[in-house]
Amino acid sequence: MTLRLYNTLTRTKEEFSPIDPNNVRMYVCGPTVYDFAHIGNARPVIVFDVLFRLLRHLYGAEHVTYVRNITDVDDKINARALRDFPNLPLNEAIRAVTQKTADQFQSDAKALGCLTPTEEPRATDNIQGMIDIISTLINKGHAYTAAGEVLFSVSSMADYGKLSGRKLEDQQAGARVAVEAHKKNPADFVLWKLSSADEPGWESPWGRGRPGWHIECSAMSKRYLGEIFDIHGGGLDLIFPHHENEIAQSRCAHGSSVMANVWMHNGFLQVEGQKMSKSLGNFVTIADLLETEKFGGQNWNGEVLRLAMLMTHYRQPIDWTKDALLASQKTLVDWNGELYSSHLKFTKDNQETYNSLTAHEDFIDALSDDINTHAGFTVLHKLAKSRQKMDIEYLFGSLNLMGLIDYQFLSARQFPLKTNINRELVVDLINDRLAARHTKNWKESDRIRDELDAMGVAIKDNKDGTTTWEVKR
RNA sequence: GGCCUCGUGGCGGAGUGGUUACGCAGAGGAUUGCAAAUCCUUGCAUCCCAGUUCGAUUCUGGGCGAGGCCUCCA
């Protein structure tokens, strides 16, 4: 079994070989907590959760360390704090914004079937680590102070730009880098900047100030994963400048040739064929999808969202559409149907008994090829179709590994599509219809069927004479 | 302007130098009081132009098209 991963650093798929198989280490850039997370934010959360699960499967759950940070110092947060809590002292207002948003993010991630990372450090708890790295960079001649800022000097690093494949000359040619007089090179970026009285700040050798955007990830990854670790992930847009600058800071501070061996980036998401943006009014938050009917006229189960997200390879662009969600929902209903009508007996409190069921080898093989989730789903379709006891057990094991099992549903044998249906009434009507059918009163039987249909309930007359129902879709 | 992705049937979406998976939708059949569900069968595709090759959807070059980054951004 070999795991192969696409490495942005080399632009090729490589065989993965951990530095220490007893501690496989992965860092993923987490959210900046100033607002509700949107569905685009959910992609790396889900994708790298799948990788986390796969690594735990391959190396053992206790041999994988996954760090996903929470950025809680940022100028957008300050702005939001001033807007939403104008009457609170700044620090309290900021804490109110970040706490609320971070809690929401974590509950969103959980609803999407994601495991809790090993560590979820906050930037504000790691200021000293950032100050230490910045001091080292200054001492080694990679950083300088100017106009109240500490800046990283990109020209002090021979191979700056390696990850994004851009050269310093190209950047200077591009007219979009603002030329600021105090910078030695226009591409130099901020490590520390001074704060005014109405901005959050921490004491430092350079005065009361706050860190630049990139330094926090260098500090937190070093603290939890060491100077060199295995995998660093995030969205495609972070390649430049964020990851490039993280690499520059960490490598120059530590005198190392790499920061992480493998750099992975997920592709972007569009909504109904358009770029998601607030101005187009197609901004979809995770909470909207889970809890409201704003998108596609219904609320969506977390596993449906998760499956829809994984239907497309993580590096490909994905178009987030109602049709795709409906297709995922149907697939999940079908697979769950196979599970609960099988020999496995799921009850409210026996989940532990089934957690030992393993994923199918072909499924693991598919995931091991750069997380080819869709190829994995093809395996699951085969397993579901076969209906052999062993295959059904593999189906459960595979879905469970992927975080696509909703055990509450399995034990209730009813996929939670919509919740506003009166279940007792449905059962009564079905019994009335069965009685009518026994006396061949087709008119009454069809009338009841129409009534149920109007309620959004689809009924199924099974071969064994029973009638079951589900939410119409 | 620089850099980077991608272009497969009606839709979603893999793999492959040599009869193009799989799912959804469609069609036909079985079943059904009629339906639905289910089961069986089945039609449909590799953007364009060159090149390499016995043979390319796959490799190379060019074109066209879509998207991303270069500024906060998953």
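Each chain gets a letter, A, B and so on, in the order the sequences are listed, and its residues count up from 1.
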salt_bridge(A:Lys193, A:Glu149) N-O dist < 4.0 Å: no

Counterpart base for B:rA37, defined by Watson-Crick or G-U wobble contacts under 3.5 Å: none

Interatomic distance, A:Asp461 CG vs B:rU32 P [rounded to whole Å]: 12 Å

Rounded interatomic separation in angstrom, taking CG from A:Asp319 and C1' from B:rG68: 15 Å

Any-strand Watson-Crick or G-U partner of B:rU46, both distances under 3.5 Å: none

Pairing partner of B:rG51 (Watson-Crick or G-U wobble, both distances under 3.5 Å): B:rC59

Residue whose closest nucleotide on RNA chain B lies nearer the 5' end, A:Ile39 versus A:Ala327: A:Ala327

Between B:rA74 (P) and A:Trp263 (CH2): distance, integer Å: 16 Å

Side-chain donor-acceptor pair present, A:Gln249, A:Asn245, cut-off under 3.5 Å: no

Face-to-face contact A:Phe377 to B:rG23 six-ring, under 5.5 Å, under 30°: no

Sugar-phosphate only, base, or nothing, as touched by A:His374 at under 4.0 Å among non-hydrogen atoms: base

Nearest-neighbour nucleotide for the A:Phe240 side chain, B:rC69, B:rA25, B:rU5 considered: B:rC69

Nearest to side-chain heavy atoms of A:Thr331, which nucleotide of B:rC34, B:rG23, B:rA21: B:rG23

Sugar-phosphate, base or nothing in reach of A:Arg315, heavy atoms under 4.0 Å: nothing

Ring-face cation of A:Arg315 near A:Tyr6 (centre distance under 6.0 Å, axis angle within 45°): yes

Sugar-phosphate, base or nothing in reach of A:Lys382, heavy atoms under 4.0 Å: nothing

Touch class at under 4.0 angstrom, heavy-atom based, for A:Ser445 against every strand present: base

Spacing of A:Leu236 atom CG relative to B:rC6 atom C1', expressed in whole Å: 11 Å

Watson-Crick or G-U wobble partner of B:rA74, both distances under 3.5 Å: none

Sole residue of A:Leu55, A:Asn7, A:Leu58 in side-chain contact (heavy atoms from CB on, under 4.5 Å) with A:Phe16: A:Leu55

Sugar-phosphate, base or nothing in reach of A:Ile239, heavy atoms under 4.0 Å: nothing

Euclidean distance for C1', B:rG12 against B:rC44 (whole angstrom): 15 Å

Euclidean distance, atom CG of residue A:Asn266 to atom C1' of B:rG68 [Å, nearest integer]: 12 Å

B:rA30 to B:rC48 separation - P atoms, rounded to the nearest Å: 41 Å

Residue A:Trp442, side-chain atoms from C-beta onward, closest of B:rC70, B:rG33, B:rC72: B:rG33

Under 4.0 angstrom between A:Asn372 side-chain N/O and B:rG15 OP1 or OP2: yes

Interatomic distance, A:Leu238 CG vs B:rU5 P [rounded to whole Å]: 18 Å

Listed nucleotide nearest any side-chain atom of A:Lys275, set B:rC69, B:rC72, B:rC34: B:rC69

Given B:rC34, B:rC6, B:rA74, the nucleotide with the shortest approach to the side chain of A:Asn41: B:rA74

B:rG51 and B:rA14, which share atom name C1', separated by this distance in whole Å: 28 Å

Pairwise C1' distance for B:rG15 and B:rU20, with rounding to whole Å: 9 Å

Distance between C1' atoms of B:rG61 and B:rG67 (Å, rounded): 23 Å

Salt bridge A:Asp288-A:Lys294, side-chain N to carboxylate O under 4.0 Å: yes

Charged N-O contact under 4.0 Å between A:Lys330 and A:Asp334: yes

Nucleotide of B:rG33, B:rA74, B:rA14 approaching A:Arg433 most closely (side-chain heavy atoms): B:rG33

Under 3.5 Å donor-acceptor pair, A:His313 side-chain atoms to B:rG13 base atoms: no

Spacing of A:Lys460 atom NZ relative to B:rA35 atom P, expressed in whole Å: 19 Å

Toward the 5' end of RNA chain B, by each residue's nearest nucleotide, A:His381 or A:Asn462: A:His381

Atom pair distance, as rounded to whole Å: CD in A:Glu444 and C1' in B:rC34: 16 Å

A:Phe363 vs A:Tyr394 side-chain heavy atoms within contact, under 4.5 Å: no

P atoms of B:rA37 and B:rA25, separation to the nearest Å: 8 Å

C1' spacing across the pair B:rG28 / B:rC59, given as an integer number of angstrom: 42 Å

Base-pairing mate for B:rG23 - Watson-Crick or G-U, with both contacts under 3.5 Å: B:rC11

Sugar-phosphate, base or nothing in reach of A:Asp446, heavy atoms under 4.0 Å: base

Base B:rA35 to side chain A:Arg449, donor-acceptor N/O within 3.5 Å cut-off: yes

Contact under 4.0 Å: A:Arg387 side-chain N or O vs B:rC39 OP1/OP2: yes

Base-pairing mate for B:rC6 - Watson-Crick or G-U, with both contacts under 3.5 Å: B:rG65

B:rG13 phosphate, OP1 or OP2, under 4.0 Å from A:Thr312 side-chain N/O: yes

Verdict with reasoning, A:Asp72 to A:Thr98, per side chain to side chain donor-acceptor pair (under 3.5 Å): CA-CA 6 Å; A:Asp72 58 354; A:Thr98 59; 5.0 Å; no

Inter-nucleotide C1' distance (B:rC39, B:rU19), Å rounded: 28 Å

Partner residues of A:Asp446 under the salt bridge (charged side-chain N to carboxylate O under 4.0 Å, His left out) criterion, sequence neighbours left out: A:Arg449

